[in-house]
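Read the structure below first, then the notes.
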Amino acid sequence: MKTPVSTAPINPAAPDLSPPHKYKQLAGWLVLFAVLIACSIRTDVTPYQLIVGLPQMGSLLQEMFPPDWSYLPTIWGPMMETVQIAILGTTLGGLLAIPVALLCASNLGISRFVSLPARMMLNLIRTIPDLLFAAIFVAVFGIGPFAGMLALVFFSFGLIAKLTFEAIEAIDPGPLEAMSAVGANRMQIIMFGVVPQALPYFMSYLLYTFEVNVRAASVLGLVGAGGIGLLLDRALGLFRYDRASIIVLLTLVIVLVIDYGSTIIRRKLL
Amino acid sequence: MIEFDKVSKVYPNGTVGLRNINLTIQEGELVVIVGLSGAGKSTFLRSINRLTDISEGEIRVNGKSVTRASGSQIRHIRRDIGMIFQSFNLIKRSTVIRNVLSGRVGYHSTLRTMLGWFPKEDVDLSLNALQRVNIREKAYIRADQLSGGQQQRVSIARALAQEARVILADEPVASLDPLTTRQVMDDLKRINRDMNITTVINLHFIDLAREYATRIVGLRAGEVVFDGTPEEATDEAFAEIYGRPVMQDELLGGA
C-alpha cells in the first residue's frame with residue numbers, strides 16, 4: 001500500500017529549515033560599491049575618460065599594425081640579453097635564498113632571534129618593487145645590464161626565500177625525527193630530512209620566478225638597466241608604434257615559450 | 001642493557017607521562033610494552049634515546065647516561081640505538097639504499113655525508129641489511145614506490161645499517177595489515193635472536209605481545225603495573241593493566 005503524502009501543516013516546533021537571509025552578503029556588496037565609487041571620485045578616475053580615450057586607442061592600434069617585421073633582427077640581440085639577465089638574476093637570487101629560507105623556517109630548531117630578523121629582512125626586500133631596485137642600481141653601477149641583473153637577484157631572492165621557507169615549514173616532520181634518532185647533527189638532518197622534501201618546491205618556485213623575471217626584465221630597460229626595454233622606450237618616444245608592436249609580439253612569444261616549458265617541468269617535479 | 005632509575009616525566013601541561021619507573025632491560029631481551037593509549041608507552045620508548053626529555057631520574061643505555069649526555073654524546077648514543085616508527089618516517093622521494101645509508105651518518109664527518117660520499121663498506125653493509133629483511137632487490141627504487149610492509153622493512157634495515165645494539169619500535173605494525181604485520185614482527189624477532197639486539201616494542205595487540213615477547217611490561221597512567229613473562233600475562237593480567245576486560249579489537253587474531 002502506498003503511503004499518502006502528508007498534507008498536514010508542519011509541526012510548528014520544527015526548526016526553521018529555510019536558508020538564512022542574505023543581508024550580510026548584500027551589505028558586503030554595497031560596501032564594496034561604495035568604496036569603488038569613493039575611490040573613483042577622489043582620484044578622478046572615471047569611465048568617462050575611458051570612453052573619451054577609446055578613439056585614440058583605436059588610432060594607436062592602427063599605427064601599431066602592421067608590425068615592422070624588418071626590425072626583428074635588430075631586437076633579437078637585446079631580447080636574448082633580456083632572457084640572459086633573467087637567467088642570471090633568478091639563479092643567483094635562488095642560490096642566496098637557500099640558506100636564508102633555512103634560517104627563516106620555524107621547524108628546524110633555529111633560534112627566534114635569528115629567524116625573526118631574517119623574515120623581517122625578507123619582508124623589507126619584497127616591499128621594494130624591481131623597477132625601484134633597478135633605478136637604484138643604475139644610479140650606483142651605471143647604465144647597463146649589470147644593474148638590471150642585480151635588481152632581479154634581489155627580487156628573486158625575496159620571492160624564492162619566502163615561498164621556500166613556507167614550503168619547508170609544511171614538510172613531514174617524521175623523517176627529521178628519524179634522522180635525529182640515528183644520531184645525525186643539524187646539517188645532516190637538513191641534508192637528509194629537509195632537502196629531499198623541499199627541493200621539488202624550491203625548483204618549482206625558481207622556475208616560476210624565472211617566468212616572472214623574463215617579463216620584469218623586458219621593462220628594466222625603461223630605467224636604463226639593459227635588455228629590450230631600452231628599445232621599447234625608444235620606439236615609443238619616436239612614435240614608432242609599428243616597432244613597439246613587434247617588440248611586444250616577440251616578448252609575448254618568448255614569455256609563452258618559457259611559461260609552457262616551465263609548466264611542463266614543474267608538473268613533473270611536484 | 002637499558003636501565004631506568006626512578007624515572008618520571010611530567011609534560012608542561014601537567015600530564016604525567018611516566019611515574020617513578022625502575023626497570024632494567026637485559027641485553028638480548030625482546031620486551032613488549034603494553035597499555036592503553038595515553039598510558040605512557042611512547043614516552044617510555046622515546047625517553048630511551050631522549051627524543052623526549054625526562055623530568056626526574058636517570059636512564060642509562062649500555063652503562064652510559066642518556067639523561068646527562070651532552071649534544072655530541074647523545075648523538076653517539078643514538079647512533080647505537082635504531083628506531084622504528086609507526087609511520088615509517090622514510091625519506092619518500094629518496095631511494096631505498098639512500099634511506100638505509102642515512103643510518104650511517106653518525107659515523108662520518110658532516111661534509112662527507114653532505115656530499116653523499118659513503119664508503120663502500122657502508123654500501124655493502126646497507127645492502128646486507130636489506131638482504132636480511134628480504135628486499136635487497138628494491139635497493140635502487142624510490143621509497144614511496146614500496147608497500148607499507150616493505151617501507152617498514154626499509155626502516156628496520158636502516159636500524160641494522162646503524163649497527164645498533166638496541167632497537168626501539170614505536171607501534172611498528174599499527175599501520176599495516178595482519179599479514180604484513182606478522183612479516184614485520186617475524187623480522188624483528190629474527191634480528192633480535194640472531195644478532196642478540198636488545199629490542200623494545202610498543203604494541204597494542206595483546207596476542208602479538210604474547211607471541212613475540214620474551215618479557216611483557218604493562219603500563220597504566222605512567223606506572224609499571226605488570227612485568228613478567230608472556231606465560232604470566234593472562235587475560236586477567238591484561239584486564240588488570242587495562243583496568244577493564246580485554247576487547248576483541250585488541251586481538252590481531254589469525255595466529
Side-chain angles (χ1 to χ4, degrees), chain A residues 94-103 105-114 163-164 166-207 265-270, chain B residues 45-46 48-52 69 71-95 98-116 142-144 151 154-155 158-164 166-170:
Chain A
L95 287 177
L96 287 175
I98 296 173
V100 177
L102 290 169
L103 288 180
S106 61
N107 56 340
L108 303 182
I110 306 281
S111 156
R112 290 173 71 83
F113 293 107
V114 177
L163 292 170
T164 305
E166 282 175 355
I168 290 174
E169 289 187 340
I171 63 174
D172 175 10
L176 311 191
E177 188 165 56
M179 288 313 294
S180 300
V182 302
N185 61 31
R186 188 174 292 168
M187 290 305 281
Q188 291 168 331
I189 293 175
I190 288 173
M191 195 61 199
F192 283 82
V194 179
V195 169
Q197 292 194 74
L199 192 63
Y201 293 95
F202 170 77
M203 292 303 292
S204 168
Y205 300 145
L206 192 75
L207 285 167
I265 299 173
R266 284 198 284 150
R267 201 177 300 148
K268 292 230 158 118
L269 281 174
L270 291 181
Chain B
L45 209 66
R46 295 163 59 88
I48 296 174
N49 61 358
R50 219 169 90 186
L51 284 184
T52 301
S72 68
Q73 285 170 331
I74 191 68
R75 286 202 297 275
H76 262 87
I77 296 173
R78 282 175 178 167
R79 200 172 74 177
D80 298 329
I81 305 176
M83 188 151 195
I84 288 149
F85 301 85
Q86 174 180 346
S87 48
F88 322 135
N89 288 356
L90 299 181
I91 301 136
K92 294 201 178 63
R93 306 183 64 98
S94 300
T95 58
R98 188 170 164 84
N99 270 285
V100 180
L101 276 169
S102 76
R104 299 294 302 167
V105 296
Y107 289 93
H108 304 296
S109 72
T110 306
L111 183 67
R112 179 158 195 166
T113 51
M114 299 275 284
L115 295 171
R142 265 170 59 153
D144 54 8
Q151 289 192 36
V154 174
S155 75
R158 178 170 60 192
L160 291 178
Q162 272 174 261
E163 296 182 300
V166 172
I167 287 182
L168 310 174
D170 193 0

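Per chain, numbering begins at 1; letters A, B, ... match sequence-line order. Every heavy atom of this structure was used, including side-chain atoms; hydrogens, water molecules and symmetry mates were not.
- For B:L51, the part sitting under 4.5 Å from any heavy atom of chain A is the side chain, from C-beta outward, and nothing else.
- Of the atoms belonging to A:M187, heavy atoms from both backbone and side chain fall under 4.5 Å from chain B.
- By the side chain to side chain contact (heavy atoms under 4.5 Å, CB included) test, A:L163 is found to be paired with A:L159, A:Y205, residues two or more places apart in sequence or in another chain being considered.
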Distance-only donor-acceptor pairs under 3.5 Å across chain A and chain B:
residue : atom : partner : partner atom : Å
A:G174  : O    : B:N89   : ND2          : 3.1
A:E177  : OE1  : B:R46   : NH1          : 3.4
A:E177  : OE2  : B:R46   : NH1          : 2.8
A:E177  : OE2  : B:R46   : NH2          : 2.5
A:N185  : ND2  : B:T110  : OG1          : 2.8
A:Q188  : NE2  : B:V105  : O            : 3.1
A:Q188  : NE2  : B:T113  : OG1          : 3.0
A:L269  : O    : B:R93   : NH2          : 3.1

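- Most heavy-atom pairs under 4.5 Å with chain B, from the set A:G193, A:P196, A:P173: that is A:P196.
- Looking at B:M83, only its side chain comes within 4.5 Å of chain A, counting heavy atoms on both sides.
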